[in-house]
There are 2 protein chains.
Amino acid sequence: MDTTHTDEQQRSAAARRRRELLEAADRVVLRDGPQASMNAIAAEAGITKPILYRHFGDKGGLYRALAKRHTDALLSALRAALDAPAERRQRVEATLDTYLAAIEALPEVYRFLMHPAEDAHQPEQGFDVGRHSAPLLRRLGEELAMVIAERVDLGPGSEQLARVWGHGIVGMMHAAGDWWLGERPCSREQLVSSLADLLWGRLAAAGDRADGPGF
Amino acid sequence: MDTTHTDEQQRSAAARRRRELLEAADRVVLRDGPQASMNAIAAEAGITKPILYRHFGDKGGLYRALAKRHTDALLSALRAALDAPAERRQRVEATLDTYLAAIEALPEVYRFLMHPAEDAHQPEQGFDVGRHSAPLLRRLGEELAMVIAERVDLGPGSEQLARVWGHGIVGMMHAAGDWWLGERPCSREQLVSSLADLLWGRLAAAGDRADGPGF
DNA sequence: GACTTCTGTTACCGCAAGTAACACCTGGAG
DNA sequence: CTCCAGGTGTTACTTGCGGTAACAGAAGTC
């Protein structure tokens, strides 16, 4: 082609710019929390607001682009743990541990993805993360359901059972991880094995205590 | 004791007013979704903004008061199911069913408690529910942990195990319920028994499918 | 009648999302 | 060389929210 701007060059330039903007947004969000303003993000990127809006449409669009990066990274790590060649319990534990290690390593990213507007000292402006955290959990749940359905022999109604379990297990992992990240009541290994024990029916198998009719 | 305003009368009048305001806020939130504005709530109550602020401090205060009502109601229903005299599996199922019945009966309340800013067509102003949904789930998790710890014989480390399980089970129930409420893929009874099966270790007990190394 | 206290109001501030309108550069077309 | 097209970027604005003075009336107390 010619010496100058072809369409492809323009497109790749735009994509590169988009990546730069996303990285700037990432820095600001990780520094200021989820209530980072569009002005602040634009300033971090060295530009002004309307450019952000030209690239991402609105704040939700920017957020979605930002969340997709992290979400995809987490998902591929989980898939790897889930597909490793080992027996079931080990793989469940590895998957739980991968998730917990991820949220432990980058708690700001995690909080940004899952919790809207942490410290709203001023008004409550902030990324509407709640609306988008559901999609992440849903994706995880569906993904896990697929894996369960295609690997475990559950008899009739297996598909529905697998989906219920997929979402339920993801929710268990998420809630326990959220609580653990806040209080750090035990080591990661302990948490992993406790959760795996739960999934392995230890609650059902345990005996009642001396007092009361038992749980 | 005069003919008119004693302190107690004033206090009870203030409390009654507060209840009226909360009921108005409830109506607006349930009609307009979580992004209901303070102006709209004040208008519904037949007054103007500053009065709301005198009563509740700020928007978060109003939200907390609003959430506490629903949360307390849900919690007492769950406690009843959890404390019923029956064997463990039946009580687990009854508790799950109570929770699911509650969110099924009043999905708007549920969404308000759990999901921030549903339809932000305008900006993303809305109640910062995410910050407060965590407390609800935490309360549920801790409550369940107490029940488990005092009823089930778990041997050494039982307290930590019970807390992990409490939060994990609550998260499982929450995520599965959220997904079920959105997609309605099966009946409530089916969901309940599927989740109970999961807790009873059916995932661990199931065999591998013909292909692959098994999950 | 003055003083407090509770009710309520109007009018404003600050700040954030989002937009319109304008300015600049750079390369190709007549 | 000039004019146009499409990208970059800007300033300045609107709208709508949370939140807050500052003020006004009613009613009981001294």
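Below, chain A is the first sequence line, B the second, and so on; all start at residue 1.
- Relative ring orientation between A/His167 and B/Trp179 is described as parallel, the plane-to-plane angle staying below 30° on a 0-90° scale split at 30° and 60°.
- Between the CG atom of A/Asp32 and the C1' atom of C/dA16 there is a distance of 14 Å, rounded to whole Å.
- Applying the side-chain contact (heavy atoms from CB on, under 4.5 Å) rule to B/Ala149 yields the partners B/Ala162; only residues at least two apart in sequence or on another chain are considered.
- For A/Ala81, the side-chain contact (heavy atoms from CB on, under 4.5 Å) partners at least two apart in sequence or on another chain are A/Ala94, A/Thr95, A/Thr98.
- The interatomic distance linking B/Met38 (CE) with C/dC13 (P) rounds to 21 Å, in whole Å.
- Using five terminal pairs a side, the axes of the helix from C/dG1-D/dC30 to C/dG30-D/dC1 at its two ends make an angle of 40°, given in steps of 10 degrees.
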Could you list the donor-acceptor pairs under 3.5 angstrom formed between side-chain atoms of residues 43-57 of chain B and any protein atom two or more places apart in sequence or on another chain?
residue	atom	partner	partner atom	Å
B/Glu44	OE1	B/Arg31	NH2	3.1
B/Glu44	OE2	B/Arg27	NE	2.7
B/Glu44	OE2	B/Arg27	NH2	3.2

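- Side-chain contact between A/Val164 and B/Leu198: absent, with no pair of heavy atoms (C-beta onward) separated by less than 4.5 Å.
- The salt bridge (charged side-chain N to carboxylate O under 4.0 Å, His left out) search around A/Glu159 returns none, not counting sequence neighbours.
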Every protein N/O within reach of nucleotides 10-13 of chain D N/O, cut-off under 3.5 Å:
residue	atom	partner	partner atom	Å
D/dT10	OP2	A/Thr48	N	2.8
D/dT10	OP2	A/Thr48	OG1	2.1
D/dT10	O5'	A/Thr48	OG1	3.4

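- For A/Asn39 and C/dG14, the CG to C1' distance is 13 Å, given to the nearest whole Å.
- Checking A/Leu154, A/Val170, A/Leu144, A/Leu199 one by one against A/Trp165, the side chain to side chain contact (heavy atoms under 4.5 Å, CB included) holds for a single residue, A/Leu154.
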